Amino acid sequence: MLFFTGVAMTAQFAENILYQGEDMPLLSLPLADYFTLHGVKPQFQPDCTALVRGYVGFWEIKDGQLWLVAIEGKLKDGADCHLSSLFPASSGPVLADWFSGTLRIIQGELLEYVHSGFMSIYEHDLLIEIDRGRVVSERIQQNTRADGSTRPWFDDED
């Protein structure tokens with residue numbers, strides 16, 4: 001029998017972020033910090049092993065700030081979760097002023113698939129440092145596979 005321990009054993013669906021006019025996969029969970037800081041987390045109903053958190057957040061960086069634009073998920077009671085479910089006083093995007101940390105936005109080809117959480121390796125990571133919802137800096141990190149190669153995983157010769 002398999003018990004869920006809070007550790008994602010399957011590669012997980014990414015969050016989504018709109019950055020410089022482009023939709024990109026975000027391998028960070030800024031909303032998790034909100035739940036921790038406020039000591040409350042809605043009970044989500046995960047519908048597959050690739051989405052154990054039970055929701056997908058839709059984010060945007062606009063005017064140097066991180067915004068939560070939407071959320072999609074299903075609550076344990078069967079109701080759909082929307083932005084207004086978490087932020088009833090808000091009528092639109094919510095400034096993520098609770099979040100300080102690094103956003104990891106993946107770019108390029110998948111170099112190495114890892115069947116766990118957000119551990120897969122891509123050609124580049126765009127790393128954006130956020131301090132209380134505001135962009136502080138950004139940089140691009142060139143990645144390699146565990147063997148040092150930069151070949152995509154599907155290009156193996158063996």
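Note that this is a predicted model, so its numbers are computed, not measured.
Scanning for side chain to side chain donor-acceptor pair (under 3.5 Å) contacts around S100 gives D131, with sequence neighbours left out. Applying the ring pair (Phe, Tyr, Trp, His ring centres under 6.0 Å) rule to Y34 yields the partners H38, F87, W98; only residues at least two apart in sequence or on another chain are considered. For K74, the side chain to side chain donor-acceptor pair (under 3.5 Å) partners are D80, not counting sequence neighbours. Residues forming a side-chain contact (heavy atoms from CB on, under 4.5 Å) with D77 (at least two apart in sequence, or on another chain): L75, A79. Residues that satisfy the side chain to side chain donor-acceptor pair (under 3.5 Å) test with E129, not counting sequence neighbours, are T102. Qualifying side chain to side chain donor-acceptor pair (under 3.5 Å) partners for D23, counting only residues two or more places apart in sequence or in other chains: none. Partners of T36 under the side-chain contact (heavy atoms from CB on, under 4.5 Å) rule, at least two apart in sequence or in another chain, do not exist in this structure.
Using a cutoff of 4.0 Å between basic side-chain nitrogens and carboxylate oxygens, R104 and D125 are scored as salt-bridged.
The CG atom of L126 lies 8.0 Å from the CD atom of Q20; values are rounded to the nearest 0.5 Å. Between the CD1 atom in I130 and the CG atom in D97 there is a gap of 12.0 Å [rounded to 0.5 Å]. Atom-to-atom distance recorded for I140:CD1 and H124:NE2 is 7.0 Å, nearest 0.5 angstrom. To the nearest 0.5 Å, atom CG of residue D63 and atom CZ of residue R134 are 11.0 Å apart.
Both L26 and F35 are members of a single hydrophobic cluster when ILVMFWY side chains are connected at heavy-atom separations under 4.5 Å. Hydrophobic clustering, with ILVMFWY side chains joined whenever heavy atoms are under 4.5 angstrom apart, groups I71 together with L37. Residues L18 and V135 do not share a hydrophobic cluster, clusters being chains of Ile/Leu/Val/Met/Phe/Trp/Tyr side chains in contact below 4.5 Å. At a threshold of 4.5 Å between side-chain heavy atoms, the hydrophobic network of Ile, Leu, Val, Met, Phe, Trp and Tyr places V69 and I128 in two separate groups.
Nearest approach of L86 to L31, heavy atoms of both residues: CD1-CD2, 3.8 Å. Shortest non-hydrogen contact noted between S90 and G92 is OG-O, 2.7 Å. When every heavy atom of K76 is checked against every heavy atom of F44, the shortest pair comes out as CE-O, 3.5 Å. In terms of heavy-atom proximity, S28 sits nearest to L103 at OG-CA, 3.4 Å.
The salt bridge (charged side-chain N to carboxylate O under 4.0 Å, His left out) pairs that include a residue from residues 35-44 number zero, where partners must be two or more places apart or lie in different chains. Sorted pairs that involve residues 57-76 and meet ring-ring contact (aromatic ring centres under 6.0 Å, His included), not counting sequence neighbours, are lacking altogether.
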Q: Any chance you could lay out the side chain to side chain contact (heavy atoms under 4.5 Å, CB included) test for V94 and L83, step after step, and finish with the verdict?
A: CA-CA 8 Å; V94 176; L83 198 58; 4.3 Å; yes
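For E15 and Y55, the side-chain atoms include no donor-acceptor pair closer than 3.5 Å.
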